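Scope of the values below: all heavy atoms of this structure, side chains included, with no hydrogens, waters or symmetry mates. Please read all numbers here as calculations on a predicted model, not as lab measurements.
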Amino acid sequence: MKITDVDVWVVNLPLVNPFTSSFETKTGETRTVVRIRTDEGTEGWGETMWGAPVAAIVRQMIPDLIGTSPFARESFFRKQHMVPFFYGYLGYAATAAVDVACWDAMGKATGQSVTDLLGGAVRDEVPLTALITRADAPGASSADLPAAMAEHAVRVVTEGGFTAVKLKGTRDWEGDVAILRALREALPEVNLRVDPNAAWSVPDSVRAGIALEELDLEYLEDPCTGIEGMSQVKAKVRIPLCTNMCVVRFEEFAPAVRLNAVDVIHGDVYKWGGIAATKALAAHCETFGLGMNLHSGGELGIATAAHLAVVASTPVLSRAIDSMYYLHADDIIEPLHLENGRLRVPSGPGLGVRVDEDKLRHYAAVNEREGDLTG
């Protein structure tokens with residue numbers, strides 16, 4: 001079986017509501033979608049982060065893809081090993097798009113799900129985290145914001161059945177602490193987390209961490225920048241520390257372990273360069289006694305299905321994962337359905353999802369009109 005064609009689209013899809021973090025407010029997602037076709041009529045679909053720059057890198061790979069087997073992943077990606085070196089996150093994202101499309105094609109060619117190809121299911125459903133931002137309480141004054149956020153969180157948890165809630169933090173660490181206190185009072189049983197995306201200084205991270213210890217957070221994610229900074233915070237704060245920012249390559253894993261900087265590492269098929277890399281990260285975390293979870297970069301259905309396959313086949317991924325999937329207003333596949341805060345892992349061949357090509361073309365046309373969304 002050889003790859004004969006590769007198609008690439010860039011799509012824009014809207015979010016149900018604006019999503020605010022410490023560095024941006026998003027109203028939609030731009031994603032790159034890839035389809036490979038083989039001489040035996042098999043199709044494989046991949047989807048990854050970002051738009052035009054990533055799509056351009058994928059298109060540069062196409063001449064090397066044509067004529068190769070989707071099963072020959074190791075030799076192909078060895079040949080492409082300089083792509084992440086030159087392009088960083090964009091290179092990892094482009095590599096992951098091709099990687100996921102190959103896994104989808106391998107599954108369809110063999111009649112197996114990607115979950116089974118990765119070792120079989122240890123769970124059939126995956127819990128998601130409810131993601132809460134200050135944009136969810138528009139118009140609330142500073143004094144009223146904690147109560148308004150708590151009211152919103154209770155409504156989301158009640159309607160969606162979530163068991164974990166994550167606050168996207170801001171530069172205002174004292175305000176975030178106040179919101180988290182209100183969330184804990186309103187939701188005493190949920191797993192509670194906060195992620196300021198490294199917006200706090202090391203001293204403020206320590207102050208916030210000590211103030212939050214009584215709330216029994218599941219973890220504190222990336223309060224400050226860098227392995228050294230995280231290590232300083234971890235030495236003074238009893239809350240487990242999680243990262244999606246200071247350990248994002250395997251080269252950073254050993255320094256983080258040596259400095260005892262983190263307790264939990266967020267993987268991501270699209271930031272780490274593919275499914276096999278994410279599984280390797282899981283093995284590293286288990287070996288060194290670290291926890292692991294999955295980051296969300298705004299996955300639509302194809303990418304979400306790949307994340308679900310990884311979680312389904314990886315014992316260490318036992319927490320409610322981050323996923324913005326439920327926040328999108330539409331999809332380019334027949335939608336995955338959230339029930340009791342969980343997504344069921346697709347069981348069909350490959351990724352187990354069907355692409356709606358009419359919607360794919362529609363949202364590609366939206367991108368052509370609007371360009372890539374940047375916030």
Side-chain angles (χ1 to χ4, degrees), residues 1-11 31-49 54-55 58-59 61-62 64-77 80 92-121 126 267-279 294 297 299-314 323 325 331-336 343-357 359-360 363-364:
M1 183 169 66
K2 304 294 183 183
I3 297 171
T4 56
D5 296 289
V6 182
D7 298 302
V8 183
W9 297 264
V10 178
V11 297
R31 307 286 290 183
T32 293
V33 179
V34 175
R35 176 178 62 194
I36 63 173
R37 286 174 163 160
T38 74
D39 56 357
E40 296 180 3
T42 303
E43 288 187 346
W45 290 89
E47 173 215 321
T48 193
M49 302 171 72
V54 171
V58 174
R59 291 186 177 104
M61 295 180 177
I62 290 176
D64 289 332
L65 269 175
I66 300 298
T68 67
S69 168
F71 290 86
R73 293 173 45 266
E74 289 289 348
S75 60
F76 174 77
F77 290 117
Q80 303 293 326
Y92 282 114
T95 300
V98 174
D99 178 74
V100 170
C102 287
W103 280 101
D104 188 35
M106 287 190 288
K108 290 172 179 173
T110 59
Q112 300 293 316
S113 68
V114 172
T115 300
D116 284 342
L117 294 179
L118 294 174
V126 176
D268 185 319
V269 166
Y270 309 97
K271 288 184 68 176
W272 282 79
I275 287 174
T278 309
K279 292 284 284 188
L294 286 193
E299 300 82 18
L300 306 179
I302 299 169
T304 297
H307 268 188
L308 293 176
V310 170
V311 178
S313 61
T314 308
S323 175
Y325 183 75
D331 201 356
I332 57 171
I333 67 164
E334 294 181 354
L336 304 168
L343 291 176
R344 178 161 288 278
V345 180
S347 58
L351 294 174
V353 299
R354 190 185 76 82
V355 175
D356 184 328
E357 295 190 41
K359 287 191 175 182
L360 175 65
Y363 288 112

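- Using a 4.5 Å heavy-atom cutoff, the side chains of Lys359 and Val11 are not in contact.
- Across all their heavy atoms, Thr110 and Met106 have their closest contact at OG1-O, 2.9 Å.
- Judged by distance alone, the side chain of Glu299 and the main-chain N or O of Gly297 form a donor-acceptor pair under 3.5 Å.
- Tested against Ile302, the residues Leu360, Val34, Val33, Asp104 include a single side chain to side chain contact (heavy atoms under 4.5 Å, CB included) partner, Val33.
- For the atom pair CZ (Arg344) and CG (Leu336), the distance works out to 12.0 Å, reported to the nearest 0.5 Å.
- At distances below 3.5 Å, at least one donor-acceptor pair connects side-chain atoms of Asp39 with backbone N or O atoms of Lys2.
- Put simply, the side chain of Glu47 gets close to the backbone of Leu300: a donor and an acceptor are under 3.5 Å apart.
- The two residues Ile275 and Ala306 make their nearest non-hydrogen contact at CD1-CB, 4.5 Å.
- Considering every non-hydrogen atom in both Val98 and Phe76, the closest pair reads CG1-CE2, 4.0 Å.
- Rounding to the nearest 0.5 Å gives a distance of 5.5 Å between CD of Glu40 and CE of Met1.
- Between Thr42 atom OG1 and Ile3 atom CD1 the span is 10.5 Å, to the nearest 0.5 Å.
- A heavy-atom distance below 4.5 Å is not found between the side chains of Asp356 and Ile332.
- The closest donor-acceptor contact from the side chain of Ser113 to the backbone of Ser347 lies at 3.5 Å or more, if one exists at all.
- In this structure, NZ in Lys108 is found 8.0 Å from CH2 in Trp45, a value given to the nearest 0.5 Å.
- Atoms CG and CD, on Leu65 and Gln80 in that order, are 7.0 Å from each other to the nearest 0.5 Å.
- For the atom pair CG of Leu294 and CH2 of Trp272, the computed distance is 11.5 Å after rounding to the nearest 0.5 Å.
- The minimum heavy-atom distance between Thr48 and Ala97, with the atom names listed, is CG2-CB, 3.6 Å.
- Looking at Cys102 and Ile36, their side chains come closer than 4.5 Å, going by heavy atoms from C-beta outward.
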Open item on the list: Show, in sequence, the C-alpha distance, side-chain angles and deciding distance for Arg59 and Val6, and conclude whether the side-chain contact (heavy atoms from CB on, under 4.5 Å) test is met.
Closed with: CA-CA 8 Å; Arg59 291 186 177 104; Val6 182; over 6 Å; no
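- Looking at heavy atoms from C-beta onward, Trp103 lies in side-chain contact with Leu118 at the 4.5 angstrom threshold.
- Using a distance-only test at 3.5 Å, with no hydrogens or angles considered, a donor-acceptor pair links the side chain of Ser313 to the main chain of Val310.
- Among all heavy-atom pairs drawn from Ala305 and Val353, the shortest one is CB-CG1, 3.8 Å.
- Between Lys271 and Met49, the shortest heavy-atom distance links the atoms CG-SD, 3.6 Å.
- In the model, Tyr325 has a side-chain atom that pairs as donor or acceptor with a side-chain atom of Asp331 under 3.5 Å.
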Task: Step-by-step side-chain contact (heavy atoms from CB on, under 4.5 Å) determination, Thr278 to His307 - done: CA-CA 10 Å; Thr278 309; His307 268 188; over 6 Å; no
